[in-house]
Amino acid sequence: MHQVTNLAIARAKSGCSDELGELLMTLVTASRAEAGCVAYEVHRANDDGDMWMLYETWESPAHVNKHFQSAHMRDFALASKPLVEGAPDLHSFTRICPSQWPVKA
């Protein structure tokens, strides 16, 4: 199995940024308590107060799938819908360590 890191970027609707931030913070404790959670952090853009990023790393794709099916994620998806402009931009990454990177001879 390999670790998976997800980056989710969301833009709050005008006037909803603080409320979205508070909602995002509710995910931190619940998600960090889940099996397989390596890191779970919320970030706010320095140059755009309406732009938020969620950074999360999981021990395996199976842990990610279980996380996305959790009650707190379902609740968040419903509660955040009226606060977010469009759909969040989600990207999933697999770590490529130097030992896995092809070495040129």
Side-chain angles (χ1 to χ4, degrees):
M1 287 286 168
H2 59 273
Q3 285 188 345
V4 176
T5 297
N6 290 328
L7 292 178
I9 299 173
R11 171 173 291 286
K13 289 181 180 176
S14 181
C16 295
S17 194
D18 289 341
E19 189 176 353
L20 178 60
E22 290 172 14
L23 192 57
L24 285 164
M25 292 304 295
T26 67
L27 293 177
V28 174
T29 301
S31 298
R32 286 180 179 173
E34 288 182 64
C37 183
V38 175
Y40 205 90
E41 301 174 6
V42 175
H43 299 260
R44 192 176 197 175
N46 294 332
D47 61 348
D48 183 346
D50 289 336
M51 185 71 65
W52 292 87
M53 180 186 75
L54 190 64
Y55 171 91
E56 58 186 78
T57 300
W58 298 90
E59 289 178 7
S60 71
H63 288 104
V64 173
N65 291 337
K66 189 171 182 181
H67 166 67
F68 281 125
Q69 295 171 9
S70 68
H72 59 271
M73 285 301 293
R74 284 193 306 271
D75 293 345
F76 172 80
L78 290 173
S80 65
K81 214 171 228 185
L83 306 175
V84 176
E85 197 174 278
D89 189 15
L90 178 64
H91 298 276
S92 188
F93 298 85
T94 299
R95 181 186 301 187
I96 304 297
C97 295
S99 62
Q100 295 169 309
W101 196 255
V103 178
K104 294 181 181 180

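Position 1 is the first residue of the sequence; numbering continues from there.
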Quick one: pull up [atom1] in [X] and [atom2] in [Y] and give me the separation to the nearest 0.5 Å.
X     : Y     : atom1 : atom2 : result
Glu56 : Asn6  : CD    : CG    : 4.5 Å
Glu85 : Arg11 : CD    : CZ    : 6.0 Å
Gln3  : Trp58 : CD    : CH2   : 11.5 Å
Lys81 : Lys13 : NZ    : NZ    : 10.5 Å
His63 : Cys37 : NE2   : SG    : 10.0 Å
Trp52 : Ile9  : CH2   : CD1   : 13.5 Å

remark   = Of all heavy-atom pairs linking Ser17 and Ala12, the shortest is CA-CB, 3.5 Å
request  = Measure across Ser60 and Val4 and return the closest heavy-atom pair with its distance rounded to 0.1 Å.
outcome  = C-CG2, 4.1 Å
Do [X] and [Y] belong to the same hydrophobic cluster, where Ile, Leu, Val, Met, Phe, Trp and Tyr are linked whenever their side-chain heavy atoms lie under 4.5 Å apart, directly or via other members?
X     : Y     : result
Met51 : Tyr55 : yes
Leu7  : Met73 : no
Val64 : Val42 : yes

note = Contacts of Ala8 meeting side chain to side chain contact (heavy atoms under 4.5 Å, CB included) (sequence neighbours excluded), chain-then-number -> Leu54, Leu90
query = Short question: side chain of Arg32, backbone of Tyr40 - any donor-acceptor pair under 3.5 Å?
reply = yes
key: Parallel, tilted or perpendicular: rings of His72 and His67 (30°, 60°)   = tilted
Identify each donor-acceptor pair in which a side-chain atom of residues 18-28 lies under 3.5 Å from a protein atom, sequence neighbours left out, and give them as a table.
{"unit_1": "Asp18", "atom_1": "OD1", "unit_2": "Arg44", "atom_2": "NH1", "d": "3.4"}
{"unit_1": "Asp18", "atom_1": "OD1", "unit_2": "Arg44", "atom_2": "NH2", "d": "3.2"}
{"unit_1": "Thr26", "atom_1": "OG1", "unit_2": "Leu23", "atom_2": "O", "d": "2.5"}

query = Would you say Thr5 and Arg95 make side-chain contact, with heavy atoms under 4.5 Å?
reply = no
